[in-house]
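Here the structure comes first, spelled out in structure tokens, and everything after it is commentary.
FYI, side chains are in, hydrogens and waters are out, and symmetry mates aren't considered; it's all heavy atoms of this structure.
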Amino acid sequence: MTDSIMSKAATMEIPINSNGDSRTLGEDDGLEQARKVQWGLDEKVGRPPGQRDLQQVMVSGPNLNETSIVSGGYGGTAEGIIPTSSIKGPAVHLNTEFLGNRRIPVDGQGSSMHHSSSSSMMAEEAARGVAVEKFDMMKKWGLNTYKCTKQLISERFGRGSRTVDLELEAQIEVLRDTKRKYESVLRLARALTNHFYSMVQTQHALGDTFADLSQKSPELRDEFGYNAETQKLLCKNGETLLGAINFFVSSINTLVNKTMEDTLMTIKMYENARLEFDAYRADLEELNMGPRDAVTMARIEAAQQQYQIQKDKYERLRSDVTIKLKFLEENKVKVMHKQLLLFHNAISAYFAGNQQQLEQTLKQFNIKLKPPGADKPSWLEEQ
């Protein structure tokens with residue numbers, strides 16, 4: 001009886017609608033009922049669950065196109081063969097949108113993709129190398145700053161020792177004091193130039209006024225004329241003296257703000273090198289006072305190398321400072337000898353009223369006066 005029921009269930013045609021779903025049709029009730037009857041018979045007969053599951057899969061399992069399902073495992077006859085050609089509905093659905101979105105590889109595309117990936121990897125490696133280099137630089141800078149700050153604080157509180165070159169330190173102090181005094185001379189010379197320029201401009205205006213009054217006052221024509229000529233002569237001599245003073249101020253400014261300043265910049269670098277040298281020297285002395293294990297010996301060796309580098313840098317800058325101080329002193333004497341002689345001769349000739357001596361002084365020092373209105377732009381430059 002069981003075999004006959006299985007034969008009927010297996011030979012039933014299973015119609016499928018347009019979307020492949022067979023559960024919405026009315027004929028499914030018979031198949032479902034047959035399946036329940038088979039399940040009950042199995043319970044009564046006592047077949048194992050694995051065989052019941054296989055029979056359930058064979059009854060209600062998936063449909064395969066161009067194949068056939070044989071129910072011989074149920075003990076049925078040849079009537080149990082289900083022809084799949086009788087199954088209605090599409091078995092495979094072709095997704096044309098997926099095929100349309102796919103990219104077809106072109107000849108050479110794989111090599112270009114490999115080249116781009118390798119170039120991107122090289123760029124990443126280069127960027128990583130730059131980042132590591134910057135990190136190392138920041139690490140060294142931070143360590144050096146910490147050591148120098150520690151050394152500076154120790155020196156300020158009298159706990160640390162510092163390297164001192166007494167002779168060089170005295171020369172540096174003399175240079176700084178000389179620079180302060182020369183800056184005062186420069187400031188006063190500029191003030192003199194400004195005041196004297198105002199006086200020359202006043203004399204020029206006064207001479208023009210006397211000349212105008214001599215034309216409009218016949219009874220005082222001679223008197224106004226004499227004073228006008230005197231003021232114009234003083235104005236001309238004053239412009240000559242202004243040329244000499246401006247040359248004096250320019251030379252002092254170059255000596256103070258360029259030559260001396262360059263030497264002081266080298267001195268500043270020397271002082272920084274001295275501080276770094278003392279910092280690494282103190283670090284090496286501290287390591288030498290500690291235990292002598294393997295790790296400490298490696299640190300001592302590294303500190304010894306850094307100490308030697310800082311020592312060479314310190315000695316080199318100390319030699320540079322000594323040479324620059326020597327040349328600065330020679331240059332200062334030469335420049336100031338010439339400029340002080342110019343200032344003295346020009347002032348003496350002006351207030352003595354010796355116009356010829358004043359002009360000779362300017363020729364002696366190769367000073368060329370600018371003609372009136374030379375500082376103003378030309379007509380073409382204004383356009």
Query raised in the report: Would a distance-only check, ignoring hydrogens and angles, find a side-chain to backbone donor-acceptor pair under 3.5 Å from Asn246 to Leu242?
Result: yes
Requested in this report: With the side chain counted from C-beta on, respond yes when Leu168 and Leu325 share a heavy-atom pair under 4.5 Å apart, and no when they do not.
Outcome: yes
**Report entry** Reported CG-to-OH distance for the pair Asp222 and Tyr226, which is rounded to 0.5 angstrom
**Finding:** 4.5 Å
Report task. Give the ring-plane orientation class for Phe277 versus Tyr314, where under 30° counts as parallel, over 60° as perpendicular and anything between as tilted. Result -> parallel
Query raised in the report: So, Glu125 and Arg128, do they make that salt bridge, N to O below 4.0 Å?
Result: yes
**Report entry** Minimum-distance pair of heavy atoms, taken over all atoms of Lys232 and Gly207
**Finding:** CE-O, 4.5 Å
Query raised in the report: With a 4.0 Å cut-off, would you call Asp177 and Lys181 a salt bridge?
Result: yes
**Report entry** Close side-chain approach of Glu183 to Lys179, heavy-atom, < 4.5 Å
**Finding:** yes
Query raised in the report: Hey, does the side chain of Ser319 reach the backbone of Glu315 with a donor-acceptor pair shorter than 3.5 angstrom?
Result: no
Query raised in the report: Name the one of Gln355, Lys363, Gln357 that satisfies side chain to side chain donor-acceptor pair (under 3.5 Å) with Glu359?
Result: Gln355
Report task. Check whether any side-chain N or O of Ser198 sits under 3.5 Å from a backbone N or O of Asn194 as a donor-acceptor pair, and report yes or no. Result -> yes
**Report entry** Residues clustering with Leu166 (ILVMFWY side chains joined when closer than 4.5 Å, directly or via others)
**Finding:** Val164
Side-chain donor-acceptor distances from residues 280-289 under 3.5 Å, at least two apart:
unit_1 : atom_1 : unit_2 : atom_2 : d
Tyr280 : OH     : Asn144 : OD1    : 3.3
Arg281 : NE     : Asp278 : OD1    : 3.4
Arg281 : NH1    : Ser161 : OG     : 3.3
Arg281 : NH1    : Glu285 : OE2    : 3.2
Arg281 : NH2    : Ser161 : O      : 3.1
Arg281 : NH2    : Ser161 : OG     : 3.2
Arg281 : NH2    : Asp278 : OD1    : 3.3
Asp283 : OD2    : Lys147 : NZ     : 2.6
Asn288 : ND2    : Leu284 : O      : 3.1

**Report entry** Val256 vs Val185 side-chain heavy atoms within contact, under 4.5 Å
**Finding:** no
Report task. Say whether Asp312 and Gln308, considering side chains only, have a donor N or O and an acceptor N or O under 3.5 Å apart. Result -> yes
Query raised in the report: Would you call Lys236 and Glu229 a salt bridge, taking side-chain N to carboxylate O under 4.0 Å as the test?
Result: no
Query raised in the report: Shortest non-hydrogen contact from Leu186 to Val249?
Result: CD1-O, 3.6 Å
Query raised in the report: With sequence neighbours excluded, what pairs up with Ile367 under the side chain to side chain contact (heavy atoms under 4.5 Å, CB included) test?
Result: Phe247, Leu342, Leu362, Phe365
Query raised in the report: At their closest point, which heavy atom of Tyr270 faces which heavy atom of Asp165, and how far apart are they?
Result: OH-CB, 4.2 Å
